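Below is one structure, written out as structure tokens, with a few remarks after it.
Because the structure is a prediction, the values reported are computed rather than measured. Computation of the quantities below employed the complete heavy-atom set of this structure, encompassing side-chain atoms and omitting hydrogens, waters and symmetry-equivalent molecules. First listed ligand is number 1; within each ligand, the first listed atom is number 1.
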Amino acid sequence: MKISFSDISVGKSGALAVVVTEGATMTGALGDLDRKTGGAIKRAIKATDFTGKSGSILDLVTPQGLMVSRLLLMGVGKASAATATTMENLGGDLVGRLERDKETAAAIIVDGVSNARLRAEDAAAHVAFGAKLRSYRFDKYKSKKKDDPVPMKTLSVGTKVAAGARKAYSTFEKIADGMFLTRDLVNEPPNVLFPKEFARRARALSKVGVKVEVLGEAQMHKLGMGSLLGVGQGSERESQLVVMRWNGGKPGDKPVAFVGKGVCFDTGGISLKPPAGMEDMKGDMGGAACVTGLMHALAARKAKVNAVGVIGVVENMPDGNAQRPGDIVTSMSGQTIEIINTDAEGRLVLADALHYTEKRFQPKFMIDLATLTGAIMVALGKEYAGLFSNDDLLSKQLAEAGEAENEKVWRMPMGPAYDKAINSQFADMKNTGGRDGGSITAAQFLLRFVKSTKWAHLDIAGTAMASPKSSINQSWGSGWGVRLLNRLVADHYEG
Ligand code: BES
Ligand code: MN
Ligand code: ZN
């Protein structure tokens with residue numbers, strides 16, 4: 001869908017929408033339209049219960065006096081209460097409605113919505129952002145599309161502050177591109193997106209200026225990454241470590257670092273998972289997908305920051321060479337790990353990826369993202385991701401960015417009492433800490449591979465995949481985390 005911005009005008013074809021504030025008074029653009037239609041808008045509102053409440057829509061088909069196919073009145077609630085999220089949901093709802101009605105070209109007038117927290121140009125830009133996010137689809141594997149909603153081709157946003165809105169949206173568009181990359185990676189089936197194919201797609205980020213290196217098993221072996229390699233050893237597909245670097249900051253300035261779990265498929269290994277729902281484990285690379293989409297967004301918008309993204313990409317399979325419960329592996333850090341359950345594989349991948357990142361880059365902070373535990377969904381559901389950290393300031397910055405972007409995180413406790421649950425009688429540690437506090441003992445495991453760097457871990461098992469459908473997301477893979485971390489960088493680590 002192509003999105004453009006212009007002054008307020010009324011086209012001669014396609015659909016027209018107009019944002020209506022609560023009370024639906026006939027002022028501004030709405031008043032003009034009411035006059036053009038000989039008072040049809042006022043009469044329609046009187047004949048229904050439409051009052052302009054947020055989320056409500058009134059559809060006037062072929063309104064007299066206009067050449068458009070339909071006029072949609074889109075309620076936004078009180079202008080004083082409007083937020084970025086309100087406007088994005090409205091843009092998303094518009095696209096959902098028009099696709100259902102097979103309208104492929106539309107215009108929306110955004111007039112009279114601004115307040116102390118939301119400038120008029122941002123209100124219009126967020127409508128466009130929501131529309132864009134809603135327009136995503138992943139239907140490349142459907143050979144018959146005839147019953148599906150028809151994709152929209154063009155959306156024109158009419159506003160008195162078109163230049164400002166266009167500028168704000170040009171950044172949003174790049175963030176959306178990053179999110180779409182993340183959604184695509186999560187949605188792809190595991191026979192298509194195996195580790196080498198993931199690495200190939202990450203390499204394509206070089207076209208936006210990201211430097212990409214890919215390490216194969218031989219190189220990881222040399223580095224001593226026994227923890228990561230043990231997870232992939234039961235797979236026919238070669239494990240990969242991908243390092244992405246965007247240098248938009250001052251030369252020599254320490255980078256910020258993002259580390260992702262990229263398990264392209266998680267069968268559980270020898271500790272095999274039960275069949276029900278196992279197909280969802282194609283999304284177990286959601287952390288790595290988020291890091292890749294984020295690096296794309298940062299580079300595309302030329303963020304003034306040095307950033308690295310490191311992803312460990314493997315497949316967890318049970319074959320004759322697979323790792324066993326009872327095996328002891330040596331990580332790159334030198335610490336040894338007794339494998340208790342081969343299904344607790346994500347932490348094994350991250351152990352080496354985190355150590356490698358800290359040692360090579362000495363970053364300002366490391367944030368890892370992983371679909372790490374089912375237990376985080378038991379604790380938080382799908383509304384919040386779990387946040388675990390050794391740093392209060394970084395935690396606060398993440399929590400604030402999450403509220404602002406509506407990708408929320410909730411900080412969970414950590415401490416020595418949890419840490420001791422992963423002591424092993426045979427090795428330095430074991431890879432599970434029992435059922436109690438399962439997400440926390442997983443985080444304690446990760447912390448043992450962080451020496452002195454500010455670190456946060458986001459357990460995104462509930463937010464990265466099998467996402468609830470919303471106004472701005474209809475996709476199984478949500479792209480969660482790209483907006484959050486882009487905002488964290490923009491607010492605190494640029495310039
Ligand atoms: N990838 C899973 C976690 C997961 C479960 C993500 C459901 C998304 C949806 C992870 O590798 C795993 O299997 N974790 C185990 C850990 C346990 C064996 C200690 C779990 O959560 O059961
Ligand atoms: Mn697992
Ligand atoms: Zn997993």
query = Can you tell me which residue and heavy atom of the protein come closest to atom 18 (C) of ligand 1, and the distance to 0.1 Å?
reply =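 Of every protein heavy atom, Asn341 ND2, 3.5 Å lies nearest to atom 18 (C) of ligand 1.
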
Which atoms of ligand 1 sit under 4.0 Å from any heavy atom of [X]?
| X | answer |
| --- | --- |
| Met377 | 7 (C), 9 (C) |
| Met281 | 1 (N), 5 (C), 6 (C), 7 (C), 8 (C), 9 (C) |
| Glu345 | 11 (O) |
| Asp266 | 1 (N), 2 (C), 10 (C), 11 (O), 13 (O) |
| Thr371 | 1 (N), 2 (C), 3 (C), 6 (C) |
| Lys261 | 1 (N), 10 (C), 11 (O) |

Could you check which of [options] puts a non-hydrogen atom nearest to [atom]?
| atom | options | answer |
| --- | --- | --- |
| atom 15 (C) of ligand 1 | Asp343, Val349, Asp284 | Asp343 |
| atom 3 (C) of ligand 1 | Ile340, Leu372, Leu348 | Leu372 |
| atom 19 (C) of ligand 1 | Thr432, Thr342, Asp459 | Thr432 |
| atom 20 (C) of ligand 1 | Ala442, Gly269, Gly374 | Gly374 |

Ser478 side chain to Asn473 side chain, donor-acceptor N/O pair below 3.5 angstrom =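 Side chains of Ser478 and Asn473: no pair found under 3.5 Å.
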
ask   = Using a distance-only test with no angle check, is there a side-chain donor-acceptor pair under 3.5 angstrom linking Thr336 and Asp428?
value =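 The answer is yes; a qualifying pair exists.
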
message = Which atom name does Asp284 have for its N/O/S atom nearest to the Zn ion (ligand 3)?
response =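 Asp284's closest N, O or S atom to the Zn ion (ligand 3) is named OD2.
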
So, does [X] use its side chain to make a donor-acceptor pair with the main chain of [Y] at under 3.5 Å?
| X | Y | result |
| --- | --- | --- |
| Asn187 | Gly477 | yes |
| Ser239 | Leu229 | no |
| Ser227 | Leu348 | yes |

Run the salt-bridge test on [X] and [Y] with the 4.0 Å N-O cut-off and return the result as yes or no.
| X | Y | value |
| --- | --- | --- |
| Lys302 | Glu494 | no |
| Glu383 | Lys408 | yes |
| Glu407 | Arg487 | no |
| Asp368 | Lys261 | no |

request  = Verify the neighbour count for atom NZ of Lys304: are there more than 12 heavy atoms of other residues, nucleotides or ligands below 6.0 Å?
outcome  =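 Not more than 12 within 6.0 Å, no.
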
task = Check whether more than 12 heavy atoms from other residues, nucleotides or ligands sit under 6.0 Å from atom NZ of Lys140, and answer yes or no.
result =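 Yes.
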
message = At less than 2.8 Å, would any N/O/S atom of Lys261, backbone or side chain, sit next to the Zn ion (ligand 3)?
response =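 Checking Lys261: at least one N, O or S atom is under 2.8 Å.
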
inquiry  = In terms of relative ring orientation, are Phe172 and Phe129 parallel, tilted or perpendicular, with 30° and 60° separating the classes?
reply    =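 Parallel.
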
query = Between Phe138 and Tyr136, how do the two ring planes meet: parallel, tilted or perpendicular, split at 30° and 60°?
reply =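 Geometry flag for Tyr136 against Phe138: parallel rings.
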
ask   = Taking both backbone and side-chain atoms of Met465, is any N or O found less than 3.5 Å from an N or O belonging to ligand 1?
value =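 No; every N/O pair is 3.5 Å or more apart.
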
ask   = Does the N or O separation between Arg347 and ligand 1 drop below 3.5 Å for any pair?
value =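 No: no nitrogen or oxygen of Arg347 is under 3.5 Å from one in ligand 1.
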
ask   = When you draw lines from the Zn ion (ligand 3) to OD2 of Asp266 and to OE2 of Glu345, what angle lies between them, to the nearest 10°?
value =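 Result: 90°, to 10°.
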
inquiry  = Among all the protein's heavy atoms, is there at least one whose distance to atom 13 (O) of ligand 1 comes out below 4.0 Å?
reply    =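 Flag for atom 13 (O) of ligand 1 set to true, protein heavy atom closer than 4.0 Å.
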
task = Show all protein N/O/S atoms under 2.8 Å from the Mn ion (ligand 2), or state that there are none.
result =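 As for protein N, O or S atoms lying under 2.8 Å from the Mn ion (ligand 2), they are Asp266 OD2, Asp343 O, Asp343 OD1, Glu345 OE1.
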
task = Determine the sole option in Lys454, Gln397, Arg411 for which the side-chain hydrogen bond (donor to acceptor under 3.5 Å, both in side chains) test with Asp392 is passed.
result =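 Checked Lys454, Gln397, Arg411 against Asp392; only one passes side-chain hydrogen bond (donor to acceptor under 3.5 Å, both in side chains): Arg411.
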
ask   = Does Asp459 reach the side chain of His457, with side-chain heavy atoms less than 4.5 Å apart?
value =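 Yes, close enough: below the 4.5 Å cut-off.
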
task = With heavy atoms under 4.0 Å as the rule, classify the contact between Asp280 and ligand 1 as side chain, backbone, both or neither.
result =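 The answer is neither.
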
